[in-house]
Amino acid sequence: MRYSKILIPTLKETPAEAEAISHILMLRAGYIRQLAAGLYIYLPLGLKVIEKINKIIREEMNAIGAQEITMPALHPSEVWQETGRWYEIGDEMFRLKDRGGRDMCLGMTHEEIIAWLASKEIRSYKELPQIWYQIQIKLRDEARPKSGVLRTREFLMKDSYSLDADEEGLQKSYELHADAYHKIFTRCGLKYYMVESDPGMMGGARSHEFMAPSQSGEDEVAICDKCGYSANVELACSIPEGIDEKNWLLEEVYTPDKRTVQEVSDFLKIDSKYFIKSILLISGEIPVLALVRGDQELHEKKLTKIIGKHRTAHKEEVKDILGIEAGFIGPMNHKIRIIADSCLKEGVYISGANKPHYHVKGIKPDKDFVAEWFDIHVAKEGDFCTRCKSPLRIEKVIEIGNIFMLDTKYSLPMKAFYLDKNGKERPIIMGSYGIGPARIAAAVIEQNNDKDGIIWPKSIAPFDVEILPLNMKDSKTVEVSDQLYNDLLKEGIDVLIDDREERAGVKFKDADLIGIPIHIIIGEKNLREGFVEIKDRRIKETVKIKVSEVTERVKITV
RNA sequence: CGGGGCGUAGCGCAGCCUGGUAUAGCGCACCUGCCUUGGGAGCAGGGGGUCGGAGGUUCAAAUCCUCUCGCCCCGACCA
């Protein structure tokens, strides 16, 4: 491709709206443009990258026997009503009516459609297993689109669905997907983790997420480098650092106007980990007191699994129910249900005295109050692994893929049944598996860039090679460049030639920004001696090569 | 949806607080010419703006007030 014939609108300056590195570079290097919040146009280079990623995905999906299909992005409401998600899902679903007044929606995902298809087409155990996939647009009315292409309202997704006769079949399909995903992300040149994740509203027993470490990520994972434990902090378990056993006697201490753990801790000059944080919650109509250590955060999701949906109590409710304002509540002498973090079982603590401007020192759990014990704290850096007791790391990550076991959550309501060997009707066991190609591209940029721009891995770079004829007015330069360009094309190498009438500096800057892995630099002086230079974008080193040897050399490298 | 920020030429910004400089400014980009050609050159000339929109205050509004739309960031949400 000739640079003069392809739209690559590079930007010298950083657009004001971009903050994430990948967002800045995709805009500056001319890969994308924004139409509206969470809606992006992929320019030629951007599209080429996405298509390279899609090609890798297709190859690996096909390799596990998955079959590509394509389903509509516009759905009738009925299928979503069948499974109940029409009612469960709120504003995040784009809804509309057709001219006949029928309710429709834009597909956020395709479990319903797959289950519908399966219900029509699958009759017998002999037709199972099946894996069906598509690479298709998904639409979600995100509350907050952000970070460029990382969180958008319309996005491409590879979604596949496995249909199996039984649990073992599902297990197999799940593992096939995990293997395929490892291959896909490795081929894309990503550093990533496969972590345990919360199946959430997708239902089903197990799920994992594939996470690419990046500062721009929205999620956090807890990683144990020793035993390999890795989980989304949404469910990660951990053992907090230990505390010394204090020989405090039970006594009230005067803490005037000190309400938060931080304030009381500073005031008494005692570390916050010797405090019990008491939080009053309302679950339904019922008050529940949650206790975590002073240096911990209450984990809402973990608590939800124990007491169900809940909210924090209002100030007045705290007073009504516990008879004391929020700053001075403690675990003792209450008749309501108390859920406490397991780590509080051991030790002696300080907490509110249930009396204005007083705290109590020397509280012994189980003796001074009774509670139900659960892990309800958020795992944090420095906590220890529950399996091997080694320190955990917390890392910010971008979710680039996920795999879910759905079981019969969708097949039952959609009546996707088959007949087993004994002629008995059974629900199909399903799995659902997603990958976001745009997130792969963004995550790769996040992990591979320098001050000058993007550094693509060969596998998904928009071009294999870029030729830089430094002086287009020099006929020898043009002649040799064109010759090399044609030779490389003949070898099946995807090459971009910067044939613009620009100064050398401009070409160098743009080439570095765009990030094609190999640059062939054609300068007048070297050419007079029969040489050109080959530059590695990543390490920025150049080697002088005889013109006649360039094609061979590039063939090996690409 | 809560909190914060920002909308002035294609991009990045100044001007706004404290209204008034007859044509609203700067850098980059763009067009023409000359010159230059190994890291975003130089000189000269030029084009491009309903100051996000609507209403209001005023003799006078980019500037003050009200409403509204859009975009970004933090949080909540995220099937």
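In what follows, every chain begins at residue 1, and chains take the letters A, B, ... in the order their sequences are listed.
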Quiz item: What interatomic distance, in whole Å, is found between P of B:A29 and the corresponding atom of B:U21?
Solution: 31 Å
Quiz item: Can you tell me how far C1' in B:G75 sits from the matching atom in B:C31, rounded to whole Å?
Solution: 48 Å
Exercise. Rounded to whole angstrom, note down the C1' distance from B:C26 over to B:U8.
Key: 12 Å
Quiz prompt | Pair A:D219 + A:K396, salt bridge at N-O below 4.0 Å | solution = no
Quiz item: So what's B:C77 paired with, Watson-Crick or G-U wobble, going by both distances under 3.5 Å?
Solution: none
Exercise. May I have all residue pairs that pass ring pair (Phe, Tyr, Trp, His ring centres under 6.0 Å) and include part of residues 2-35 of chain A, sequence neighbours excluded?
Key: A:H23-A:Y40, A:Y31-A:W456
Quiz prompt | B:C72 versus B:C34 - spacing of their P atoms, nearest Å | solution = 45 Å
Quiz item: Strictly by modelled atom types, are A:S160 and A:K158 linked by a side-chain donor-acceptor pair under 3.5 Å?
Solution: yes
Exercise. In whole angstrom, give me the gap between the C1' atoms of B:U57 and B:U63.
Key: 13 Å
Using nucleotides 2-9 of chain B, report all nitrogen or oxygen pairs with the protein that are shorter than 3.5 Å.
none

Self-check item: Separation of the P atoms in B:C6 and B:G15, to the nearest angstrom
Solution: 12 Å
Quiz item: In terms of the nearest nucleotide of RNA chain B, which residue is placed more toward the 5' end: A:A143 or A:L11?
Solution: A:L11
Quiz item: Does a side-chain N-to-carboxylate-O contact under 4.0 Å join A:E466 and A:R537?
Solution: no
Practice problem: Go through the structure and list residues passing salt bridge (Lys or Arg N to Asp or Glu O under 4.0 Å) with A:E325, not counting sequence neighbours. | Solution: A:R259
Practice problem: Using a strict cut-off of less than 4.0 Å between a Lys/Arg side-chain nitrogen and an Asp/Glu carboxylate oxygen, indicate whether A:K305 and A:D375 qualify as a salt bridge. | Solution: no
Practice problem: Mind checking A:R28 for me? I need base, sugar-phosphate or nothing, with any heavy atom below 4.0 Å counting as a touch. | Solution: base
Quiz prompt | Carboxylate-amine/guanidinium contact A:D295 A:K380, below 4.0 Å | solution = yes
Self-check item: Donor-acceptor contact present, side-chain A:K540 to main-chain A:K535, <3.5 Å
Solution: no
Quiz prompt | Opposite nucleotide pairing with B:G25, Watson-Crick or G-U, both atom distances under 3.5 Å | solution = B:C13
Practice problem: Would you mind classifying the nucleic acid contact of A:D474 as base, sugar-phosphate or nothing, using non-hydrogen atoms under 4.0 angstrom? | Solution: nothing
Self-check item: Option from A:E285, A:E317, A:E300 for which salt bridge (Lys or Arg N to Asp or Glu O under 4.0 Å) with A:R311 holds
Solution: A:E317
Self-check item: Any-strand Watson-Crick or G-U partner of B:C35, both distances under 3.5 Å
Solution: none
Practice problem: Between B:C17 and B:A62, how far apart are the P atoms? Round to whole Å, please. | Solution: 12 Å
Between the protein and nucleotides 68-72 of chain B, list the N/O to N/O atom pairs that are separated by less than 3.5 angstrom.
residue	atom	partner	partner atom	Å
B:C71	OP1	A:A37	N	2.8
B:C72	OP1	A:Q34	NE2	2.8

Exercise. Under a 3.5 Å limit for both distances, which nucleotide forms a Watson-Crick or G-U wobble pair with B:C30, could you say?
Key: B:G46
Practice problem: Would you kindly compare A:G148 and A:E218 by the position of their nearest RNA chain B nucleotide and give the one closer to the 5′ end? | Solution: A:G148
Quiz item: Is A:H310 reaching over with its side chain to a backbone N or O of A:G308, donor-acceptor style, under 3.5 angstrom?
Solution: yes
Exercise. For A:R500, check salt bridge (Lys or Arg N to Asp or Glu O under 4.0 Å) against everything at least two apart and list the hits.
Key: A:D498, A:D510
Quiz item: So, A:R2 and A:D482, do they make that salt bridge, N to O below 4.0 Å?
Solution: yes
Quiz item: Mind checking who B:C67 pairs with, Watson-Crick or G-U wobble, both distances under 3.5 Å?
Solution: B:G53
Quiz item: With the sugar-phosphate defined as primed atoms, P, OP1 and OP2, and the base as all remaining atoms, what B/S/- string results for nucleotides 25-39 of chain B, 5' to 3', for protein heavy atoms under 4.0 Å?
Solution: --BSS------BBBB
Quiz prompt | Between B:G27 and B:C1 - C1' atom distance, rounded Å | solution = 40 Å
